[in-house]
There are 2 protein chains.
Amino acid sequence: MKQITKYVIKNSLKRIFLYRACLVRLRMMGVERVFSYTLGNETGVTPDQVRKDFSEFSIKGNKRGGYEIDELLSTMESIFHRNKDHNIVLVGMGNMGQSLSKYSRFVQRNMNIVATFDIDPFKQKMRSDIPVYTMNRLKEIIDRFKVKVAIVAVPEISAQEVTDELIRHGIKGIINFAPVLLKVPPEIVVNNVNLSDELESVIYYVHNLLKADGQKNIEYYTRL
Amino acid sequence: MKQITKYVIKNSLKRIFLYRACLVRLRMMGVERVFSYTLGNETGVTPDQVRKDFSEFSIKGNKRGGYEIDELLSTMESIFHRNKDHNIVLVGMGNMGQSLSKYSRFVQRNMNIVATFDIDPFKQKMRSDIPVYTMNRLKEIIDRFKVKVAIVAVPEISAQEVTDELIRHGIKGIINFAPVLLKVPPEIVVNNVNLSDELESVIYYVHNLLKADGQKNIEYYTRL
DNA sequence: CGTATTTTGTGATTTGTTTCACATCAAAAT
DNA sequence: ATTTTGATGTGAAACAAATCACAAAATACG
């Protein structure tokens with residue numbers, strides 16, 4: 001039973017990511033504790049919102065002493081299942097795929113691309129730290145590395161087909177760089193990243209801001 | 001007066017992008033008109049929502065006859081200022097920057113990267129369709145091509161510095177791939193794209209969905 | 001030509017999210 | 001030991017977004 005089910009990161013979760021990035025930075029600078037006020041200032045979020053978000057994820061602070069950063073970070077790690085490593089497969093070693101396969105920040109966050117796949121046999125001879133396989137080894141790799149999440153970076157035309165195959169072999173979550181809406185069963189999580197849309201939306205905002213001439217005309221965009 | 005002002009694409013605008021992508025596909029398949037019901041089905045949005053969104057952007061259809069796709073698309077083009085070309089600069093020719101410089105979908109949508117910049121003189125000798133310059137030619141290029149929007153794909157550490165320089169030379173909108181929150185004046189539009197966060201959120205959802213075991217536990221994510 | 005049908009367009013209602021306001025607690029000061 | 005201070009945590013209020021429901025319009029059909 002295939003259908004379109006797009007999940008969108010909830011704003012509160014997006015902000016938790018934001019807080020974490022900020023906390024990591026503060027911690028490296030030697031800071032040990034933060035107040036909702038500090039963290040809010042640093043992330044462009046109101047202190048109320050910070051506390052509400054923490055409340056949603058049952059994160060507790062000290063009534064006067066604020067939040068201890070180390071504690072906050074380890075709570076967040078467990079929220080995000082960052083304790084363990086996560087094995088990922090990447091399908092499509094074109095321009096974007098190759099770049100993603102080298103993207104070091106995934107590794108920094110314990111997300112390891114264990115293998116990549118491409119139909120082009122030429123790509124398979126490419127020198128690369130991560131092996132490039134044909135699609136027929138997909139099942140083997142997914143099983144061996146207990147892979148649950150895949151990156152789809154194939155051309156638009158083959159995205160659905162690849163997705164179907166991934167799901168058939170046990171993939172539960174997909175981040176999709178192809179500009180198509182994938183049809184998947186409702187229990188499968190899909191996160192679409194469309195770089196053209198992102199860039200185009202900046203252009204759109206710039207034009208409409210310029211028209212409104214400095215005056216903050218918050219009509220078609222909202223503040224996170 | 002620098003501050004953190006993150007703009008997030010409003011959901012209705014995101015959906016307009018979605019509709020457009022879908023309409024382009026339908027048009028290529030020879031379809032000439034759609035109903036809110038059809039379009040909604042195709043995009044995973046309720047028909048009501050489709051009509052509400054169109055209403056927000058003052059897009060009109062024909063009572064009973066639905067919407068003519070060509071007309072819809074041309075209305076959207078003018079909403080998105082797609083009539084004219086848009087010149088973009090890209091700063092940072094590392095892994096991600098190189099990939100973005102070759103990203104053909106930007107060109108397909110009239111968004112042209114006219115020049116790229118990198119501090120590394122070695123990168124400047126790289127063979128590439130788009131010229132790679134040193135940062136000191138930034139102003140010249142921005143003025144010559146009337147560039148309003150920039151892509152920031154530099155390492156975290158230099159992102160703020162680069163951003164300041166871009167704004168000083170007249171850039172009004174930035175799409176930022178560095179995982180930092182840029183501090184900018186309120187009239188500047190920043191759109192942050194954080195690929196690690198996007199991937200990590202998929203992992204998060206997958207884990208929490210699996211825990212809920214098939215039952216759609218829509219707690220930390222929402223349907224668009 | 002008039003009636004039935006289908007689909008839009010939009011107020012009214014519901015649902016969800018953010019901001020406000022203040023009780024509560026912990027630490028510091030007296 | 002008591003008061004003051006400064007922060008959290010969370011219901012209540014305000015605001016925003018999505019859904020509902022139905023009037024209005026265009027077409028089809030008898």
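In the text below, chain A, chain B and the rest are named by the order of the sequence lines, each starting its count at 1.
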What is the nucleic acid contact for [X], judged by heavy atoms within less than 4.0 Å: base, sugar-phosphate only, or nothing?
{"X": "B:G65", "answer": "nothing"}
{"X": "B:D48", "answer": "base"}
{"X": "A:Y67", "answer": "sugar-phosphate"}
{"X": "B:K60", "answer": "sugar-phosphate"}

Taking for each residue the nucleotide of DNA chain D with the nearest heavy atom, is it B:D53 or A:F54 whose nucleotide lies nearer the 5' end?
A:F54

Separation of [X] atom [atom1] from [N] atom [atom2], in whole Å?
{"X": "B:N62", "N": "D:dT27", "atom1": "CG", "atom2": "P", "value": "7 Å"}
{"X": "B:R51", "N": "C:dT6", "atom1": "CZ", "atom2": "P", "value": "15 Å"}
{"X": "B:E68", "N": "D:dT27", "atom1": "CD", "atom2": "P", "value": "12 Å"}
{"X": "A:K14", "N": "C:dT17", "atom1": "NZ", "atom2": "P", "value": "13 Å"}
{"X": "A:R64", "N": "C:dA27", "atom1": "CZ", "atom2": "P", "value": "9 Å"}
{"X": "A:F35", "N": "D:dT5", "atom1": "CZ", "atom2": "P", "value": "17 Å"}
{"X": "A:K52", "N": "C:dC20", "atom1": "NZ", "atom2": "P", "value": "12 Å"}
{"X": "A:I59", "N": "D:dG9", "atom1": "CD1", "atom2": "P", "value": "10 Å"}

Do [X] and [Y] meet the criterion of a side-chain donor-acceptor pair at a distance under 3.5 Å?
{"X": "B:Q160", "Y": "B:D164", "value": "yes"}
{"X": "A:Y103", "Y": "B:N95", "value": "no"}
{"X": "B:N112", "Y": "B:D85", "value": "yes"}
{"X": "B:S36", "Y": "B:R51", "value": "yes"}

State, to the nearest 10°, the angle formed by the axis through the first five base pairs of the helix from C:dC1-D:dG30 to C:dT30-D:dA1 and the axis through its last five.
10°

For [X] and [N], is the shortest distance between a side-chain N/O and OP1 or OP2 below 4.0 Å?
{"X": "A:Q49", "N": "C:dT17", "answer": "no"}
{"X": "B:R33", "N": "C:dT7", "answer": "no"}
{"X": "B:N11", "N": "D:dA18", "answer": "yes"}
{"X": "B:S36", "N": "C:dT7", "answer": "no"}

One thing to verify: whether B:E156 and A:R25 come together as a salt bridge, which I'm taking to mean a side-chain N less than 4.0 angstrom from a carboxylate O.
no

What I want to find out is whether B:K172 reaches B:E187 closely enough, with some N-O distance under 4.0 Å, to be called a salt bridge.
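Salt bridge: no.
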
Derivation of the side chain to side chain contact (heavy atoms under 4.5 Å, CB included) call for B:V162 and B:F117:
CA-CA 10 Å; B:V162 163; B:F117 297 87; over 6 Å; no

Do A:N62 side-chain atoms and A:R64 backbone N/O form a donor-acceptor pair below 3.5 Å?
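Between the backbone of A:R64 and the side chain of A:N62 there is no qualifying donor-acceptor contact (under 3.5 Å).
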
Considering only heavy side-chain atoms of B:T46, the closest of D:dT19, C:dT8, D:dT27 is D:dT19

State which of C:dT10, D:dA18, D:dA25 makes the closest approach to the side chain of B:R15.
D:dA18

